[in-house]
Amino acid sequence: MPVLLGDTVLQSAPQKVITFDGSAGNGAVGAVKIWGFTGQVIVLYVMTFVTVSLVSAGAATLALSPFHSTADAYTLLTANKWWNKGVGVAGVLQVPTTDWFQQYDDSVNSQINMLVGTAAITAGTIECDAIYLRDTPDSSMT
Amino acid sequence: MADLILQQAPSKVIVLDGTAGNGAVGTVAVWALNGRVLVPYLTVHVDADMSAGGAATVKLGTASQTAAIRPSTANFHLALAGYWWTTNSPSAQNDPMGTAWFYQVSESVIMTVSGNNLSGTMRFTAWFYPLAPGASLT
C-alpha cells in the first residue's frame, strides 16, 4: 500500500519593509537583516520592490545573497522598480530560474540579509516578499 | 507566516474588432492590478482567427514593459484558432509553456497592437499570488 503524503501548502514570509537610515544594521556598510528562520526551509522565491529611491553620499552597493549576489550600485534602485541582480525595472520582471529554490538550515545560518558595501545607504525603502516551503515541521521564516 | 493560496484572475475573453482600445493600433486593457502580485502562470489562447488589414503585431506586458510577458508577435503567427500565444512564433496548437512563466507584476496588464488594426478573439487566463492582503488582478 502506498504511503500517502500530506497536503503541502506554500507559505508566504511576512513582508518586510526595509527603510534605510545609514545606521548600523539599517544602512551602514554591513548586513541588514530581512528575515530570520527556524528549522529548515526551502525558499522558492524572493521579491524585492523599491518604493523610495535609495540615497548614499558615496558609491554604495547593495546585494542580497544568494538571491541577488551581484552587488549593484545604489543608483540602480529607484522608486517603483523591481530589483534583481543588475536589473531595476518598473511594471513587470521575470526572474531567472537560477534564483529559485535556496535551501536553508538554521543550524548553519539563521537569517537572510542584504549586504551594503562601500558606503552607507542613508535613505530609501525596499519592500521584501518571499515564498517558501517547510522542510521540517513548524519551520518558518519570521 | 501564512498559507499561500494560488488565486485565479478572471478569465478575459477579448473580442477584437479593430476599434479604439479594442484592436485598433494602440493598447488593449487586459487586467487591472491592485497592489503587487506574482504571476506564476499566464496563458493566452486564440479562440477565433486573428486577422488584420495589413501586417500587424501584438505584444503583452505593462505600460513600462510592453513586451515583458509576451514578445512582439506578427499577427499571422496567431492566425489560427486553437493556437497558444507563448513565444513570437507559436507553431503548434499544444505549445509548451517554455520559459514564459513567473512574473512579478506592479502595473496593470495591457496588450499593444502595432502596424494595423486587428480583429479576432483571444482568451487570457492567469493565476497569481497576492503580495499583500487584497492584491489582485481583475
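The analysis underlying the following values was restricted to heavy atoms, covering all of them including side chains, and did not include hydrogens, waters or symmetry mates. Throughout, a chain's letter reflects where its sequence line sits, starting with A, and its residues are numbered from 1.
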Under 3.5 Å, which donor-acceptor pairs do the side chains of residues 16-23 of chain B form with other protein atoms, sequence neighbours left out?
| unit_1 | atom_1 | unit_2 | atom_2 | d |
| --- | --- | --- | --- | --- |
| B:Asp17 | OD1 | B:Thr19 | N | 3.0 |
| B:Asp17 | OD1 | B:Thr19 | OG1 | 2.6 |
| B:Asp17 | OD1 | B:Asn22 | ND2 | 3.3 |
| B:Asn22 | ND2 | B:Val15 | O | 3.0 |

Test log, rule side chain to side chain contact (heavy atoms under 4.5 Å, CB included), inputs A:Leu10 and B:Asp3: CA-CA 6 Å; A:Leu10 289 175; B:Asp3 289 352; over 6 Å; no

Within one Ile-Leu-Val-Met-Phe-Trp-Tyr cluster: A:Ile18 and A:Trp35, side-chain cutoff 4.5 Å: yes

Short side-chain to backbone donor-acceptor contact, A:Gln15 and B:Ala132, under 3.5 Å: no

Any residues in residues 34-48 of chain B near chain A, with a heavy-atom distance under 4.5 Å, and which are they? B:Arg36, B:Leu38

Please answer: with hydrophobic residues joined when any side-chain heavy atoms are less than 4.5 Å apart, are B:Leu80 and B:Met50 in the same cluster? yes

Less than 4.5 Å to any heavy atom of chain A: does that hold for the side chain of B:Ile5, its backbone, both, or neither? side chain

Sort by residue number and list every member of residues 65-76 of chain B having a non-hydrogen atom under 4.5 Å from chain A. B:Gln65, B:Ala68, B:Ile69

Give a yes or no on whether A:Leu64 and A:Leu115 share a hydrophobic cluster (residues Ile, Leu, Val, Met, Phe, Trp, Tyr; joining criterion: side-chain heavy atoms under 4.5 Å apart). no

hydrophobic_cluster_shared for A:Val29 and A:Phe20, side chain cutoff 4.5 Å: no

Please report the closest heavy-atom contact between A:Ser12 and B:Leu4, naming both atoms and the distance. CB-CD1, 3.8 Å

Which of residues 103-121 of chain B have a heavy atom under 4.5 Å from any heavy atom of chain A? B:Tyr103, B:Gln104, B:Val105, B:Ser106, B:Glu107

Nearest 0.5 Å, what's the CG-CZ distance between A:Leu93 and B:Phe102? 13.0 Å

Determine whether A:Val32 and A:Val55 fall in the same hydrophobic cluster, where Ile, Leu, Val, Met, Phe, Trp and Tyr are linked whenever their side-chain heavy atoms lie under 4.5 Å apart. no

I need the A:Met47 CE to B:Leu131 CG distance, nearest 0.5 Å. 5.0 Å

Between atom OH of B:Tyr129 and atom CG of A:Asp129, what is the distance when rounded to the nearest 0.5 Å? 13.5 Å

